[in-house]
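Lettering follows sequence order; numbering is per chain, from 1.
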Amino acid sequence: MQHTAWRDQAPVLGVVALGGVLGAWGRYGASLLWPVHAGGFPWTILAVNAAGCAVIGVFLALLDEAWAAHRLVRPFFGTGVLGGFTTFSTYAVDVQRLFHDGHPGTALGYLAATPLAALAAVWSAATATRRALRRRGHREARP
Amino acid sequence: MNWQNWLLVGAGAAVGAPLRYLTDRAVRARHDTVFPWGTFTVNVAGSLLLGLLTGVAWQAQLVAGTGLCGALTTYSTFSYETLRLAEEDAALLAAANVGLSLAAGLGAAFLGAGLAHAWWA
């Protein structure tokens, strides 16, 4: 029993780790490409988080409604790549640091802007994907 | 290109992402609710740990901060779970998820950074 559970879980853990490394590299690369000076508005991580939310909206809408994917696709890309790409801890600590370093306006703006951008991104991406799938489904259903 | 830095980030993420997956599973197995406590747990724990890393050497920042905490926590799953709650007519739970996650995550970051300043920064 335990043996079977491990045999089931080992590949999942492996693809989650691999995806997480790739996602974290993407985020690290973005922070090198678009560095933000201390005390500045953390645009790069805001954009990373919003982009990751938009992509997960498309990806999970596809998996839920249209795509009979291999069982490792979701843990690899959803849990691994997108989970590793986006970050909550950097968001929280950047807000704390902006407050601590005497930029309360930037801190509050960033604190509010990230969840707004993230939720708008995931909602609009998931909705647009479902609509597109349904339109296609209707067309294909017609003779 | 400094490949050692990429290795440090990758090593941390290779631990952080599976740790998030395992924590989420363990929390789900213990609490049979629609509220996404698993993601909440990793996000708050990761924010505390990243706060504690305030002032440590940059190599430790890369492996434990950018790599481990970055991959342990997630914004994409957090917002997707919030969207699902809102769509399943659980608007109150969706709002509570956002409010609680932000309050607890921020509180954890302040606590971690405060402890770090007291100890070593």
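For the residue pair A/Val93 and B/Ser47, the shortest heavy atom distance occurs at CG2-O, 3.8 Å. Among all heavy-atom pairs drawn from A/Ala126 and B/Leu83, the shortest one is CB-CD2, 3.9 Å. Taking both residues in full, the closest heavy atoms of B/Ser76 and A/Gly52 are given as CB-O, 3.8 Å, listed atom of the first, atom of the second, then distance. Shortest non-hydrogen contact noted between A/Val122 and B/Ser79 is CG1-O, 3.7 Å.
Counting non-hydrogen atoms of other residues, nucleotides and ligands closer than 6.0 Å to CZ of A/Arg74 gives a total of 12 or fewer.
Only the side chain of A/Val12 comes within contact range of chain B, judged by heavy atoms closer than 4.5 Å. Interface remark: A/Phe85 contributes no atoms to any contact with chain B (heavy atom separation under 4.5 Å). Proximity to chain A (any heavy atom under 4.5 Å) is shown, for B/Leu19, by neither the backbone nor the side chain. Interface remark: B/Thr39 contributes no atoms to any contact with chain A (heavy atom separation under 4.5 Å). Neither the backbone nor the side chain of A/Asp94 comes within less than 4.5 Å of any heavy atom in chain B. Residue contact with chain A, scored on non-hydrogen atoms closer than 4.5 Å, involves the side chain of B/Leu62 exclusively.
Using cut-offs of 30° and 60° on the angle between ring planes, the pair B/His117 and A/His100 is parallel.
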